[in-house]
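The next block holds one structure in the form of structure tokens; read it before the comments.
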Protein chains: 2
Amino acid sequence: MTKEISEKKERLKTFMKQKGFKSTRQRDIIASEFLNCEDHVTAEELYKKVSRRHKDIGSTTVYRTLKLLAESGLATARVFADQLTRYEPVSEDEHHDHLICLDCGSIIEFEDPKLERLQERIASDFRFHIVDHKVEFYGYCWDCKK
Amino acid sequence: MTKEISEKKERLKTFMKQKGFKSTRQRDIIASEFLNCEDHVTAEELYKKVSRRHKDIGSTTVYRTLKLLAESGLATARVFADQLTRYEPVSEDEHHDHLICLDCGSIIEFEDPKLERLQERIASDFRFHIVDHKVEFYGYCWDCKK
DNA sequence: AAGGAAATTGAAATTCATTTTCAATATAAA
DNA sequence: TTTATATTGAAAATGAATTTCAATTTCCTT
Ligand SMILES: [Mn+2]
Ligand SMILES: [Mn+2]
Ligand SMILES: [Zn+2]
Ligand SMILES: [Zn+2]
């Protein structure tokens, strides 16, 4: 377990204590498995991974723990075109958007300051106060285009 | 019924004939109701509108007809944060994105050439071939901010 | 017009991800 | 320990959307 991950688990513990939530074996296992897979996983996908070695952990608990991770700020929930709720670990206050391949499903992450600034300009045009945004580009990655 | 709407209904007829689909009273009523409400409606919402005056039309048919309208190019399906599939009439090849108020739910449409160009630049950075995109800004509209 | 193949309809059943319920169990503070 | 409270997993419930199916329509073809 890397330093980053154990530090995150520490943050989770703090969050739970502060909120009056209890630390459990299940939450610990699920959080570890989640933080180790740097993917955009669904609850079911993570449940499959977890239950390979822990057949006693139910999928309901995985759904619940992912929600908890999101509340604690360690995970973000994302919904792409397939309408499944996916979670990804959050690293620092970094924000990014996604390029999604319609063929192989691969997801490329990108960050673009121009895009962020453009958003501000558009918002002010409409006197709108933006608190969040969703930018997804769908198409074909280099490999699939060939 | 405006000229634009009757012209659209004509296009739908052409599309249906060409595909071997049949014209029915239900489809006609549902399409009219849809084209008249310049909104981002869900199937259930449209079903409620339709069934006010046509209690014999079932919701299944509304779901099916909206799909048909999307296939014919007269409607586009959109999914915002509430995860419901919404449809909106398509006018010409015009493309637009959305600002969505988290308080009152109002939707502001906008078009930004800079955004479209930026997308191209980002795509080429990743050698990605974009065919579609989704840009949604969430926040608070002027009225709700007050 | 009438006949008939093929498409459409509405109700009910089904799907599928996610949430809720609930009795049994685990946690942690005293 | 004791005890109050939170958590768990199985099963049931939810809710949007789709599928199934028998009855009805549509629209060619005679
Ligand atoms: Mn990501
Ligand atoms: Mn719109
Ligand atoms: Zn690909
Ligand atoms: Zn508002």
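Computed from heavy atoms alone, side chains included, the values below leave out hydrogens, waters and symmetry copies. So you know, we letter chains A, B, ... as the sequences are listed, proteins then strands, and number each from 1.
- Taking only side-chain nitrogens and oxygens, B:Arg27 comes nearer than 4.0 Å to OP1 or OP2 of C:dT9.
- Each salt bridge (Lys or Arg N to Asp or Glu O under 4.0 Å) pair with one or both residues in residues 18-30 of chain A, not counting sequence neighbours, appears once here: A:Lys9-A:Asp28, A:Arg25-A:Asp56.
- Spacing between atom CD of A:Glu71 and atom P of D:dA6 amounts to 14 Å, rounded to whole angstrom units.
- In this view, B:Asp143 and B:Lys146 satisfy the salt bridge (Lys or Arg N to Asp or Glu O under 4.0 Å) rule, not counting sequence neighbours.
- Residue B:Asp28 contributes atom CG, which lies 15 Å from atom P of C:dT8 at whole-angstrom precision.
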field: Protein-to-nucleotide contact annotation, 5' to 3' order, nucleotides 13-22 of chain C [B base; S sugar-phosphate only; - none; under 4.0 Å, heavy atom]
entry: ----SBBBB-
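- Between B:Met16 and A:Thr24, the residue anchored nearer the 5' end of DNA chain C, judged by the nucleotide with its closest heavy atom, is B:Met16.
- Put simply, CZ on A:Phe21 is 6 Å from P on D:dT7, counting in whole angstrom units.
- As a whole-Å value, the separation of B:Asp56 CG from C:dT9 C1' is 10 Å.
- If you check distances only, the side chain of A:Lys22 never reaches the base of C:dA26 with a donor-acceptor pair under 3.5 Å.
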Show me the donor-acceptor pairs within less than 3.5 Å that the side chains of residues 42-50 of chain A make with the rest of the protein, sequence neighbours left out.
from: A:Thr42; atom 1: OG1; to: A:Glu45; atom 2: N; distance (Å): 3.1
from: A:Glu44; atom 1: OE2; to: A:Tyr63; atom 2: OH; distance (Å): 2.9
from: A:Glu45; atom 1: OE1; to: A:Thr42; atom 2: N; distance (Å): 3.1

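- Protein atom CD1 of A:Ile57 is 13 Å distant from nucleotide atom P of C:dA26, rounded to whole Å.
- The aromatic rings of B:His40 and B:His96 stand perpendicular to each other, their planes meeting at an angle above 60°, with 30° marking the opposite boundary.
- In this entry the distance linking CD of A:Gln26 with C1' of C:dA24 reads 13 Å, nearest Å.
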Tell me which donor-acceptor pairs under 3.5 Å the side chains of residues 120-128 of chain B have, and how far apart each pair is, sequence neighbours excluded?
from: B:Arg121; atom 1: NH2; to: A:Asp112; atom 2: OD2; distance (Å): 2.7
from: B:Ser124; atom 1: OG; to: B:Arg121; atom 2: O; distance (Å): 3.0

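- Side-chain heavy-atom separations under 4.5 angstrom define the hydrophobic clusters, and the remaining members of the one that includes B:Phe80 are A:Val131, B:Ile100, B:Leu102, B:Ile107, B:Tyr138, B:Tyr140.
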